[in-house]
Each structure stands twice: as structure tokens, then as C-alpha cells.
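Working notes, beginning with the structure itself.
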Amino acid sequence: MANNNLTVAILGPGGVGGLLAALLSRAGHRVICLAGEDTATTLRTNGIRVHSTPFGDFTAPVEADTELREPVDACLITVKATTLDAALTRVPAKTLGDGLLVPFLNGVEHPAHLRAHYTPTQVAPAIIRVESTRTAPGVIEHGSPFAEIDLTGDTVPHDRLETLAAALHAAGPRTQVLPDETAALWAKMTFLAPLALLTTRYALPLGDVRTRHREELTALLEETAEVSRSYGGPSDAAGALARYDTFPPGTKSSMQRDAEAGRPLELDAIGGALLRAAERQGIAVPVTARLVRELGTPAAN
């Protein structure tokens with residue numbers, strides 16, 4: 001990352017990956033999308049079309065391939081946890097070189113998994129707050145009025161994080177570098193897990209969950225906050241509930257949308273990981289355990 005123009009690979013150019021690919025390309029960076037042959041062909045031919053209120057409607061050219069074939073400054077991983085291992089075959093460690101590996105994944109366990117397969121000092125976890133959907137290959141609907149990224153990585157040189165953060169911020173999403181990887185990941189988990197588990201369990205948007213199942217939501221937030229606190233993360237259950245109350249009533253979690261579409265759920269990465277983290281600390285989480293059981297994950301034990 002010696003100059004202002006980066007070469008960035010995007011593993012999984014879906015709703016999040018496609019938006020970031022298009023924004024980075026429009027900002028002058030070289031972008032290589034990694035996907036299946038049909039999608040790669042479409043992206044090479046047509047680029048990525050974005051419909052966005054904050055960023056405008058535009059089309060950005062990108063390169064595309066089925067596998068990474070040269071070193072890059074950074075590879076953003078924007079696939080779901082359910083397809084992570086299969087997707088990583090598109091990013092050989094030797095080909096990546098010394099590029100950063102930046103997972104935008106739910107849960108708290110994936111950084112250790114990635115560091116077991118790639119150089120630990122290259123893995124820089126990221127958290128994104130955005131609602132963005134791929135409506136067709138290369139067509140992205142950015143529905144939220146915001147896009148915010150937290151970039152972290154305890155094992156990554158700070159200057160490398162700052163360089164990538166600056167490029168992302170200049171491209172559009174408000175981006176900051178956070179100093180504590182564990183706290184950053186648990187901050188997302190404490191907010192995401194209750195939303196994902198309850199909206200999916202009851203097949204209801206957030207507005208109905210926070211009125212019809214408020215007691216259960218509160219209990220789940222308190223359980224998640226206690227586990228987070230034990231790992232040095234945030235523990236403000238009341239604050240999280242207040243923030244939920246500000247969201248539009250029709251808000252749905254990505255897990256709920258996956259359930260509606262018949263796609264595999266990230267239940268193990270979210271609920272299963274929360275149960276395993278609680279067990280390691282000797283913390284009882286009965287509401288979480290029941291919801292995970294009812295949603296049917298065998299990997300939560």
C-alpha cells in the first residue's frame with residue numbers, strides 16, 4: 001500500500017461486497033471481484049450498477065475472476081459464514097502475498113479460523129453497518145441512509161489499517177480504526193445476536209418483536225451483554241434496547257431474510273458461537289440456548 005491507489009480483491013460481490021467494490025472502483029482503485037464463472041463474466045462485461053440515496057446511482061467497472069491470480073493490497077471477504085470455507089479456495093495464501101485479509105463476517109470466531117490458514121498479521125476483521133442487497137448479478141440496492149465501517153486487527157500493523165481505512169472512507173463509507181479487536185467484534189455480536197435470533201425465530205420484523213416479544217428481547221440482550229462483558233466487550237443492554245427502539249418497525253435481520261429465501265442460516269456463527277463463548281465462561285444463557293435449539297442448530301453444543 002505504498003501509494004493512494006490500491007488493488008483490492010472482493011471475495012463475494014453480493015450486497016455488501018458489490019457496494020464496496022463499486023465505491024472503491026469509482027474512487028480510482030483497481031478492484032478484482034472473485035466469484036463463480038457466470039457472475040464473473042457478467043461483472044467483467046457490465047460492471048456493477050448501484051442504486052443508492054447517499055452515494056447516487058452509478059455504474060463502476062471492475063475486473064472479475066474465479067480465483068485470485070496475483071497479489072493484492074487487500075482482499076475483502078464479504079461472503080456469508082456458511083460459505084466461507086468453500087469461498088476461501090478462491091484466495092490461495094501464496095497468491096495473496098502480504099495483502100491484508102479483511103473479513104466482513106458475523107460472529108466472533110472467524111478471525112482465529114482465518115489466522116490458522118493465513119499469516120496472522122494479515123487478518124484485519126471489519127464490521128459494517130449497512131443495508132445493501134444484490135438484486136441480480138452486478139446490481140446493488142443500497143437501502144440504508146448510512147454505511148459505516150469499523151476496521152480492527154490486534155495482529156496487524158497500525159499503519160496498514162489506517163491506509164485501508166482512509167481508502168474506504170474516501171470512497172464513501174464512514175470508516176474508523178478501532179484499537180481493540182475483541183471489543184469491536186463483541187460490540188457487533190451484542191447488537192446482532194438478539195435481533196437475528198428473535199426476528200428469525202418468530203418470522204417478524206423488529207417492530208413486532210420489540211412490542212410482542214419485548215420481555216424476551218430484554219432477557220436476550222441481558223444474557224448477551226453478560227457474555228460480552230466477560231470478554232472485555234460492551235455490556236449496555238438498556239442502551240442496545242433503546243437503539244432498537246429507534247429503528248424502523250419493518251427492519252429485518254439478514255438471518256431472517258435468509259430464512260425467508262430458503263438459504264442456509266448463519267445460526268452457528270451467531271447463536272452457536274454465543275453459546276460456546278458463554279460455556280467457556282461458565283455463564284448461563286437459557287433464553288439464547290432455547291432460541292438456538294428451536295431454530296435447529298446441531299452445532300451449538
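None of the values given here were measured: they were computed from a predicted structure. Index from 1, following the sequence.
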Just how far is it from atom CG of Leu88 to atom CG of Leu114, taken to the nearest 0.5 Å? 6.0 Å
Tell me if a side-chain donor or acceptor on Thr78 pairs with a main-chain N or O of Leu11 at a distance below 3.5 Å. yes
Separation between CG (Leu291) and CD (Glu294), nearest 0.5 Å, reads 6.0 Å
Keeping the roles fixed (side chain from Thr218, backbone from Arg214), state whether a donor-acceptor pair exists under 3.5 Å. yes
Return the set of residues passing side chain to side chain donor-acceptor pair (under 3.5 Å) with Thr288 (not counting sequence neighbours), or none when no residue passes. Glu223
List the steps, then state whether side-chain contact (heavy atoms from CB on, under 4.5 Å) holds for Leu151 with Leu164. CA-CA 9 Å; Leu151 187 62; Leu164 179 58; 4.1 Å; yes
Taking all atoms of both residues into account, what is the closest heavy-atom pair of Thr211 and Asp208, and its distance? OG1-O, 3.1 Å
Do any side-chain atoms of residues 92-108 form donor-acceptor pairs under 3.5 angstrom with protein atoms, and if so which ones, sequence neighbours left out?
unit_1: Asn106; atom_1: OD1; unit_2: Lys188; atom_2: NZ; d: 2.8
unit_1: Asn106; atom_1: ND2; unit_2: Glu266; atom_2: OE1; d: 2.8

Trace of the side-chain contact (heavy atoms from CB on, under 4.5 Å) decision for Val156 with Gln122: CA-CA 6 Å; Val156 182; Gln122 294 175 231; over 6 Å; no
Do you reckon Val50 sits in the same ILVMFWY cluster as Leu24, going by side-chain contacts under 4.5 Å, direct or chained? yes
Search all heavy atoms of Met255 against all heavy atoms of Leu265 and return the closest pair with its distance. O-CD2, 3.6 Å
In the structure I gave you, are the side-chain heavy atoms of Val79 and Ile77 within less than 4.5 Å of one another anywhere? yes
Pairwise side-chain contact, Ile32 with Thr7, heavy-atom cut-off 4.5 Å (strictly under): yes
Would you call the rings of Phe247 and Tyr244 parallel, tilted or perpendicular if under 30° counts as parallel and over 60° as perpendicular? perpendicular
Same cluster for Ile127 and Leu178 if Ile/Leu/Val/Met/Phe/Trp/Tyr side chains link at under 4.5 Å? no
Given 3.5 Å as the limit, does a donor-acceptor pair link the side chain of Thr251 with the main chain of Pro248, or not? yes
salt_bridge(Arg210, Glu216) N-O dist < 4.0 Å: no
Step-by-step salt bridge (Lys or Arg N to Asp or Glu O under 4.0 Å) determination, Arg115 to Glu181: CA-CA 14 Å; Arg115 288 178 178 130; Glu181 176 181 315; 2.8 Å; yes
NZ or CZ of Arg243 within 45° of Phe191 ring axis and under 6.0 Å: yes
Judged by atom type as modelled, is there a donor-acceptor pair below 3.5 Å linking the side chain of Ser144 to the main-chain atoms of Glu131? yes
Side-chain contact, heavy-atom cut-off 4.5 Å: Cys75 with Val8? no
Trace of the salt bridge (Lys or Arg N to Asp or Glu O under 4.0 Å) decision for Asp150 with Arg174: CA-CA 9 Å; Asp150 295 334; Arg174 186 183 67 80; 5.2 Å; no
Are the side chain of His117 and the backbone of His113 linked by a donor-acceptor contact shorter than 3.5 Å? yes
Is there a path of hydrophobic side-chain contacts, each under 4.5 Å between heavy atoms of I, L, V, M, F, W or Y residues, that connects Leu84 with Leu274? no
Walk me through whether Arg134 and Glu141 qualify under salt bridge (Lys or Arg N to Asp or Glu O under 4.0 Å). CA-CA 6 Å; Arg134 187 190 85 154; Glu141 293 281 351; over 6 Å; no
Path from Val139 to Val130 over hydrophobic side-chain contacts below 4.5 Å: no
Once you round to the nearest 0.5 Å, how far does CZ of Arg129 lie from CG of Leu192? 12.0 Å
Might you point out which heavy atoms bring Gln256 and Pro205 nearest each other, and give the distance in Å? NE2-N, 3.9 Å
Minimal non-hydrogen separation, Gln281 against Ser230, with atom names: NE2-O, 3.1 Å
Nearest-0.5 Å distance that lies between atom OG in Ser253 and atom CD1 in Ile270: 7.5 Å
Which heavy atom of Ile10 sits nearest to which heavy atom of Gly17, and what is that distance? CG2-O, 3.5 Å
So, does Thr155 use its side chain to make a donor-acceptor pair with the main chain of Pro120 at under 3.5 Å? yes
How close do Ile140 and Ser132 get, counting heavy atoms only, and between which atoms? CG2-OG, 3.2 Å
Donor-acceptor check, side chain of Asp65 to backbone of Leu68, threshold 3.5 angstrom: yes or no? no
With no hydrogens and no angle check, is any side-chain donor or acceptor of Thr163 less than 3.5 Å from a backbone partner on Asp159? yes
Is Thr42 reaching over with its side chain to a backbone N or O of Asp38, donor-acceptor style, under 3.5 angstrom? yes
Salt bridge (charged side-chain N to carboxylate O under 4.0 Å, His left out) contacts touching residues 7-31 (sequence neighbours left out): Arg30-Glu63, Arg30-Glu70
Salt-bridge test for Asp268 and Arg276: reply yes if a basic N is under 4.0 Å from a carboxylate O, no otherwise. yes
I need the Leu220 CG to Leu241 CG distance, nearest 0.5 Å. 11.0 Å
Contacts satisfying ring-ring contact (aromatic ring centres under 6.0 Å, His included) that involve residues 211-232 (not counting sequence neighbours) are Trp186-Tyr231, Tyr202-His213
Interatomic distance, CG@Leu20 vs NE2@His29, rounded to 0.5 Å, equals 11.5 Å
Determine, using the 4.5 Å side-chain heavy-atom cutoff (strictly less than), whether Leu161 and Val72 are members of one ILVMFWY cluster. no
Are Thr41 and Arg44 close enough, and set up right, to give a side chain to side chain donor-acceptor pair (under 3.5 Å), and what steps lead you there? CA-CA 5 Å; Thr41 298; Arg44 281 194 299 266; 3.2 Å; yes
Are the side chains of Pro111 and Pro125 in touch, meaning some heavy atoms are under 4.5 Å apart? yes
Who pairs with Thr175 by side-chain contact (heavy atoms from CB on, under 4.5 Å), at least two apart in sequence or on another chain? Ile149, Ala165, Leu168, His169, Pro173
Stepwise, does the salt bridge (Lys or Arg N to Asp or Glu O under 4.0 Å) test hold for Lys80 with Asp258? CA-CA 10 Å; Lys80 293 291 183 85; Asp258 285 341; 2.5 Å; yes
State plainly whether the residues Glu67 and Arg90 are in salt-bridge range, i.e. N to O under 4.0 Å. no
So, the side chain of Thr200 versus the backbone of Leu197: is there a donor-acceptor pair under 3.5 Å, distance only? no
Not counting sequence neighbours, list each pair that qualifies as a side-chain hydrogen bond (donor to acceptor under 3.5 Å, both in side chains) and has a residue in residues 47-59. Ser52-His142
